[in-house]
Amino acid sequence: MVHGEIPAQDVFVGESGHVHGLIMAENIQIKGEVEHNLIARQTLIIKSSGRVKGDVAYDTLEIESGGSVEGKLEKHNPKKTIAQQKDIE
């Protein structure tokens, strides 16, 4: 389990992975669980085993059958400040 903010180029959360914190990256792929907001400046892929409990900002979004998001979906706006992105409203 990971607690805290994860800023990176690419983030992959495996099937047994559990993240409790903000993820900000160019590309994000989720097979496990995330409990917080996600900001994918390019591509967000939520696989069939993926679970997200939080708001999501993305440029390109793919959710496989069985994957889930409990939160708001919002097209990523590169003009927003990082603080605004962290508080996806």
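Quantities reported herein were computed from a predicted structural model and do not represent experimental measurements. Reckoned from all heavy atoms, side chains included, excluding hydrogens, waters and symmetry mates. Positions are given from 1, in the same order as the sequence printed here.
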Joint hydrophobic cluster, V19 plus I30, side-chain heavy atoms closer than 4.5 Å: yes
Cluster overlap L73 with I45, hydrophobic side-chain contacts below 4.5 Å: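 No, because L73 and I45 fall into different hydrophobic clusters, even though each may have its own neighbours under 4.5 Å.
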E35: partners by salt bridge (charged side-chain N to carboxylate O under 4.0 Å, His left out), with sequence neighbours left out: none
With K47 via salt bridge (charged side-chain N to carboxylate O under 4.0 Å, His left out) - residues at least two apart: E64
[X] side chain near [Y] side chain, heavy-atom distance below 4.5 Å:
X: R41; Y: M24; answer: yes
X: V52; Y: L38; answer: yes
X: V13; Y: I23; answer: yes
X: T60; Y: L44; answer: no
X: T43; Y: Y58; answer: no

Distance, nearest 0.5 Å, that separates CD of E15 from CD of E33: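 If we round to the nearest 0.5 Å, E15:CD and E33:CD are 11.5 Å apart.
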Gap between atom CD of E74 and atom CG of L61 - 0.5 Å precision: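 Output value for this atom pair is 12.5 Å.
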N37 vs V56, side chain to side chain contact (heavy atoms under 4.5 Å, CB included): CA-CA, chis, key distance, verdict: CA-CA 6 Å; N37 297 346; V56 173; over 6 Å; no
Any donor-acceptor N/O pair, S48 side chain to G66 backbone, under 3.5 Å: no
Heavy atoms only: give me the nearest [X]-[Y] pair and the separation to one decimal.
X: I63; Y: V69; answer: CD1-CG2, 4.1 Å
X: A25; Y: V11; answer: CB-CG2, 3.8 Å
X: V34; Y: G21; answer: CG1-O, 4.3 Å
X: R51; Y: S68; answer: CD-OG, 3.1 Å

Salt-bridge present (D59, K75; N to O < 4.0 Å):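 Between K75 and D59 there is a salt bridge, with a charged N closer than 4.0 Å to a carboxylate O.
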For Q42, all residues meeting side chain to side chain donor-acceptor pair (under 3.5 Å), sequence neighbours excluded: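 With neighbours one apart ignored, the set is E26.
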